[in-house]
Amino acid sequence: PDGIAAEEAGDCGMELQVLDELVVAAAQALGLNEFESAAHVDFERFKSCVFPRANARAKCCKLDALVVWTVMRTFIKGSIEALLGLDEAGVALPARAAQAEGMSLQVLLALGQERVRLSAKQRKQAFEAATCARAIYEQEGLWDDADRILAIHRALSRAQQDQEVFPLRRFHKIYVDEVQDLTNAELVLLLKMCETGTLFLAGDPAQAVAEGVDFRFDEVRSVFHRLSGKAPKKTLN
């Protein structure tokens, strides 16, 4: 997004940052030093260098790079199901299973058509191509923004189990512009960094510029309700 305005507790001033600055600071605070910029994969690198090889390994995938990138970024890695480690019924998996890399194929197939506008066959193809892309990442030490966000959440969970003090910088209120360019996992991180839970979100899904984010305001409300314990325990549609 263009900017995130963060208000410190007891301070009338605002601090304007881009999301990447907050994410980098969070990773450093949690000791996540493996995310070197030379190994970073954005959409252009994925499209030109990773996807052709992943697509060749998948063999049957007839989807283009942007579709697979979107399924990876928004759902397999960036969804609330991936973040919380949920099964296809929306029930939390055991801790060990929840540490697996993102969403399973069964969960992806169970998501409603309003969220994933792909047929079951296309979802299987996208998942297979994404799995092949992940293998290339692992072989070559690559990572994308969604990988770093998941790593931050998991490191944060481990840190909070070991100590009472929240290990990241916190803000009184956070104002987010261009929210349509954020995944569920990125929004949840901002929510965790806001000590009052007060997020002001502004954006227009028709003006999305970030490749790979399939954004819906209804889904954001559902995610936040779920985190507050008010949503039913089932996969979000």
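Values below: every heavy atom of this structure, side chains too, minus hydrogens, waters and symmetry copies. These numbers come from a predicted model, not from an experiment.
Within the 4.5 Å cutoff, the side chain of Glu114 has heavy atoms near those of the Arg216 side chain. By the 4.5 Å heavy-atom criterion applied to side chains, Leu142 and Val50 are counted as neighbours. A heavy-atom distance below 4.5 Å is found between the side chains of Gln160 and Phe166. You'll find the side chain of Lys124 reaches within 4.5 Å of the side chain of Leu109, heavy atoms only. Put simply, the side chain of Phe200 does not reach to within 4.5 Å of the side chain of Val176, judged on heavy atoms. Side-chain contact between Leu190 and Leu22: present, with at least one pair of heavy atoms (C-beta onward) separated by less than 4.5 Å. Here the side chains of Asp144 and Trp69 are in contact, with some heavy-atom distance below 4.5 Å. Here the side chains of Arg123 and Phe75 are not in contact, with every heavy-atom distance at 4.5 Å or above.
Applying the side-chain hydrogen bond (donor to acceptor under 3.5 Å, both in side chains) criterion to Lys47, with sequence neighbours excluded, gives no partner residue. With sequence neighbours left out, the ring-ring contact (aromatic ring centres under 6.0 Å, His included) criterion links Tyr137 to no other residue. Residues satisfying the side chain to side chain contact (heavy atoms under 4.5 Å, CB included) test with Ala54, not counting sequence neighbours, are Cys132, Ala133, Ile136. Evaluation of the side chain to side chain contact (heavy atoms under 4.5 Å, CB included) rule for Leu191 yields Leu199, Phe224, Leu227 as partners, not counting sequence neighbours. Evaluation of the side chain to side chain contact (heavy atoms under 4.5 Å, CB included) rule for Ser48 yields no partner, not counting sequence neighbours. Partners of Gln180 according to the side-chain hydrogen bond (donor to acceptor under 3.5 Å, both in side chains) rule, which considers only residues two or more places apart in sequence or in another chain, are Glu178. Residues satisfying the salt bridge (Lys or Arg N to Asp or Glu O under 4.0 Å) criterion with Asp20, sequence neighbours excluded, are Arg148. With sequence neighbours left out, the side-chain hydrogen bond (donor to acceptor under 3.5 Å, both in side chains) criterion links Thr198 to Thr196. Under the rule for a salt bridge (Lys or Arg N to Asp or Glu O under 4.0 Å), the partners of Glu140 that lie at least two apart in sequence or sit in another chain are Arg53.
Nearest heavy-atom pair, Phe51 versus Leu63, reported as atom, atom and distance to 0.1 Å: CZ-O, 3.3 Å. Contact record, Val68 with Ala126: CG1-O, 4.0 Å, taken as the closest heavy-atom pair. Shortest non-hydrogen contact noted between Asp214 and Arg117 is OD1-NH2, 3.0 Å. The minimum heavy-atom distance linking Ile76 with Phe127 is given by the pair CD1-CD1, 3.7 Å. Taking each heavy atom of Ala26 and Ile152 in turn, the nearest pair found is CB-CD1, 4.1 Å. Scanning both residues, Ala135 and Arg57, for their nearest heavy atoms gives CB-NH1, 4.0 Å.
For the pair Glu81 and Arg115, the salt-bridge criterion is met [side-chain N within less than 4.0 Å of a carboxylate O].
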For Val213 and Leu182: C-alpha separation, side-chain torsions, deciding distance, then whether side-chain contact (heavy atoms from CB on, under 4.5 Å) applies.
CA-CA 7 Å; Val213 180; Leu182 273 66; 5.9 Å; no

Could you please spell out the steps behind the side-chain contact (heavy atoms from CB on, under 4.5 Å) verdict for Leu201 and Tyr175?
CA-CA 6 Å; Leu201 308 178; Tyr175 303 81; over 6 Å; no

Check the pair Leu83, Ile149 against side-chain contact (heavy atoms from CB on, under 4.5 Å), reporting the backbone distance first and the verdict last.
CA-CA 9 Å; Leu83 184 60; Ile149 290 292; 5.9 Å; no

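Residues Trp143 and Leu189 are members of one and the same hydrophobic cluster, defined by side-chain heavy-atom contacts under 4.5 angstrom among Ile, Leu, Val, Met, Phe, Trp and Tyr.
In this structure a side-chain-to-backbone donor-acceptor pair under 3.5 Å is present from Gln122 to Ser119.
The residue from Thr183, Asp147, Asn184 that alone fulfils the side chain to side chain donor-acceptor pair (under 3.5 Å) condition with Lys77 is Asp147.
Annotation: the span from Ser79 atom OG to Leu108 atom CG amounts to 9.0 Å, rounded to 0.5 Å. How far SG of Cys194 is from CZ of Arg170: 8.0 Å, rounded to the nearest 0.5 Å. Here Leu168 contributes atom CG and Gln28 contributes atom CD; the two are 11.5 Å apart, rounded to the nearest 0.5 Å.
Contacts classified as salt bridge (Lys or Arg N to Asp or Glu O under 4.0 Å) and involving residues 185-194 (residues at least two apart or in different chains) are given here: Arg73-Glu186.
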Going by atom type alone, with no hydrogens or angles, which donor-acceptor pairs under 3.5 Å involve a side-chain atom of residues 29-44 and a protein atom two or more places apart or on another chain?
from  : atom 1 : to     : atom 2 : distance (Å)
His40 : NE2    : Asp145 : OD1    : 2.8
Asp42 : OD1    : Glu44  : N      : 3.4
Asp42 : OD1    : Arg45  : N      : 2.9

